[in-house]
Amino acid sequence: MYFISIKLHCGKRGCGNIMLLQISRPRTSLTRVRNNWIQPLGHDTGLKTYNSLTKQKEPLILAQEGIATWYSCGPTVYDHAHLGHACSYVRFDIIQRVLSRVFGVSVIHVMVITDIDDKIIRRAIEESISPTVLARMYEEEFKNDMLALKVLPPAVYLRVTENIPQIVAFIEGIMRNGHAYATKQGDVYFDIRSIGDRYGKLMGARSKPLGFLGDTEKRDSRDFALWKASKPQEPSWSSPWGKGRPGWHIECSTIASSVFGSQLDIHSGGIDLAFPHHENEIAQCEAYHQCGQWGNYFLHSGHLHLKGSAEKMSKSLKNFITIKDFLGSYSANEFRMFCLLTKYRSAIDYSDTSMNEARSFLATIAAFNHDAKAYMRGQLQCQAVQEEALWELLAQTKSSFVQALADDFDTPRAVNAIMTLIYQGNRNLQPITKPDGSPRSPAVFGAILAYIRDVFEVLGIDLEAHSVNCSGTLENVVEQLARFRTEVRAFALSVEDVPPGVPSHVRPRPHPDRVPLLKACDKLRKDLAPLGVHIKDHCSGCESGVEPRPKSILQTLQINKCKDMK
């Protein structure tokens, strides 16, 4: 959008007032202004997403059909990545997967790696190594952490230090347009007053200008650095203003613009980046491109808190858990489920309790998967299955799942729809001790299992891998316990030998002294149930008065919340 300013004098004699008329060439792809946000025309995806620019849900409209341009701020690589970072990146990875695999939108994702910064320089001095070496080391660790968490990599990672010429040219463009100024010391600042009340689109940060500030060369307290003059022992690059390095905010504006130009569909990041980082990005880009709206949608994820703490997890507060340490206790699948159980915009409390809740959800799914497959193989005898109702519920679940995700990527509601399907499926898999001749319905369970597997694969959870992980030490211990109980129970159910000459109609009797063993087996099963371990006994050929030796036994490990998921 081009802006033309025309000065018009009032016309009255002696009147010195000047009217400023601003004429703009409207974009053909934009229409309707609301809350200082211009709704794009483009291609409507049918989704709605919460836009931080308007503080409400808006229809997601993309400039090109089936393609979303997406920019995200990557890490400043001076230390280990922690769970706060992981939470934001996993949440947006889920959204990108949903866009591409549920709604058919190809996401072109670009991420910048901040590899020069005050923190990097300080840390490098402390470690007595080069800032470049330090940054490369933690960059590689970050990428490995993301791989371990199954976060899909962006189309391209771009480093700040490899884009210095482009950054210098971008700053020059802002200065040419009258929105930045250089100081005698060689610093360059963005001139907030040059854009008037257009600053603060995102967070409404429109403090009154304070003029000159003492010894500094800033014109306004809100002005921020585009270029920093070099200091002794700091890395520096040549520029028209002397040796120096980029400010923090300018790197993202430059790199995003170098890839996507003057219009961006989606910009994402943690809520802590909204101000001042994203606010300043908007100001820089709109000043450089001379446009009324650079980024159409800003998506922000909520903070991760340690349970009981009001503070976010951060490096500066030193209250963080590294991703590597976390993965020593929990799996990537469990962390992803932990993220799925809250809306991406919400703050989230991390604790062993919340992680065990996520683990329990996965165990419930794994147990249903186990039982349904056993039923399909004919190893689990059940009462008559409500097949028609299950087919109908499966269709409803598919619809509810998509509707939930189309409504600002509401993953808790989407997961709840799946868990309701599993709950109803489990209700139809109650074992019976004697076949009742009911028709079997394996096909509907096959369809349910295939759908659940595909859905969680879309969300980034590999149920098969989780099933393998569940067969570790804990399950092996339970399996050995269940096997021992089976042998004891079989021994207790054996009957006395019938003496010679006894009439054939006299039924054999169980050994009276083994009845306590049967009671002990029943008590063990009942005692394990509250702990989430359910042992299901199945036997056939039962006759009145005598429980015979079981012909087949199905033991199922269920570490389960044991609650109604409806």
Side-chain angles (χ1 to χ4, degrees), residues 71-82 84-86 88-89 110-143 145-146 154 156-168 170-171 180 185-190 218 223-239 241-258 267-281 283-285 312-318 320 322-323:
Y71 179 82
S72 66
C73 304
T76 301
V77 283
Y78 72 97
D79 205 341
H80 305 287
H82 57 66
H85 303 126
S88 181
Y89 291 123
V110 169
M111 180 184 291
V112 69
I113 299 290
T114 301
D115 59 344
I116 187 63
D117 173 85
D118 291 340
K119 296 174 183 176
I120 294 173
I121 294 170
R122 285 197 298 268
R123 184 67 179 271
I125 293 173
E126 292 171 3
E127 300 290 336
S128 299
I129 60 175
S130 160
T132 301
V133 172
L134 179 84
R136 293 294 183 274
M137 179 176 68
Y138 284 116
E139 176 187 332
E140 191 64 25
E141 184 179 288
F142 167 77
K143 291 177 179 177
D145 285 340
M146 294 299 102
V156 63
Y157 286 108
L158 294 170
R159 299 188 182 112
V160 173
T161 57
E162 295 174 351
N163 286 270
I164 300 297
Q166 294 91 327
I167 292 173
V168 170
F170 201 87
I171 295 172
Q185 297 175 351
D187 298 310
V188 179
Y189 289 100
F190 188 90
K218 277 187 177 184
D223 292 352
F224 54 89
L226 304 181
W227 186 261
K228 297 181 178 182
S230 64
K231 297 178 182 178
Q233 297 182 333
E234 284 189 354
S236 62
W237 290 263
S238 297
S239 80
W241 320 286
K243 289 277 190 177
R245 58 187 172 86
W248 177 31
H249 315 298
I250 194 66
E251 63 190 46
C252 289
S253 293
T254 301
I255 292 174
S257 295
S258 69
H267 194 308
S268 67
I271 188 62
D272 55 311
L273 295 177
F275 185 86
H277 188 50
H278 293 167
E279 194 74 78
N280 292 346
E281 280 186 65
Q284 291 167 156
C285 286
K312 69 170 184 174
M313 186 178 289
S314 72
K315 296 175 186 175
S316 59
L317 295 174
K318 298 188 182 302
F320 63 88
T322 67
I323 295 171

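- Closest approach of Ala124 to Ser130, counting heavy atoms only: CB-C, 4.1 Å.
- Side-chain contact between Ile167 and Val160 is present, with heavy atoms from C-beta onward closer than 4.5 Å.
- Here the side chains of Val112 and Tyr71 are in contact, with some heavy-atom distance below 4.5 Å.
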| message | If you apply the rule side chain to side chain contact (heavy atoms under 4.5 Å, CB included), what do you find for Glu126 with Tyr78, and how did you get there? | response | CA-CA 11 Å; Glu126 292 171 3; Tyr78 72 97; over 6 Å; no
| request: In sequence, state the C-alpha distance, the side-chain angles, and the governing distance for Trp241 and Val168, and then conclude on side chain to side chain contact (heavy atoms under 4.5 Å, CB included). | output: CA-CA 10 Å; Trp241 320 286; Val168 170; 4.1 Å; yes
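- The line from CD of Glu251 to CD of Gln166 is 13.0 Å long, rounded to the nearest 0.5 Å.
- The CD1 atom of Ile120 lies 12.0 Å from the CD1 atom of Ile125; values are rounded to the nearest 0.5 Å.
- The salt bridge (charged side-chain N to carboxylate O under 4.0 Å, His left out) with Glu234 is formed by just one residue from the set Arg122, Arg245, Lys228, Lys243; it is Arg245.
- Checking side-chain atoms of Ser253 against main-chain N and O of Glu281 turns up a donor-acceptor pair under 3.5 Å.
- No side-chain heavy atom of Asp115 sits less than 4.5 Å from a side-chain heavy atom of Leu134.
- Considering CD1 of Ile121 and NZ of Lys231, their distance stands at 9.0 Å, rounded to 0.5 Å.
- Taking each heavy atom of Ser88 and Gly270 in turn, the nearest pair found is OG-N, 3.9 Å.
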| field | Cys252 and His278: CA distance, side-chain angles, deciding distance, side chain to side chain contact (heavy atoms under 4.5 Å, CB included) verdict | value | CA-CA 9 Å; Cys252 289; His278 293 167; over 6 Å; no
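- Counting all heavy atoms, side chain and backbone alike, Glu141 lies closest to Ala81 at OE2-N, 4.2 Å.
- A distance of 12.5 Å separates CZ in Arg159 from OG1 in Thr114, rounded to the nearest 0.5 Å.
- Phe224 and Gln284 make their closest contact through CE1-OE1, 3.1 Å (heavy atoms, listed as atom of the first residue, atom of the second, distance).
- You'll find the side chain of Thr132 stays beyond 4.5 Å of the side chain of Thr161, heavy atoms only.
- By the 30° and 60° cut-offs, the orientation of the rings of His249 relative to His277 is tilted.
- Two residues are said to be in side-chain contact when any heavy atoms from C-beta on lie closer than 4.5 Å; Pro75 and Tyr89 meet this criterion.
- Of the inter-residue distances, the one linking Thr254 atom OG1 with Phe170 atom CZ reads 5.0 Å to the nearest 0.5 angstrom.
- To the nearest 0.5 angstrom, Trp227 atom CH2 is 6.0 Å from Ile171 atom CD1.
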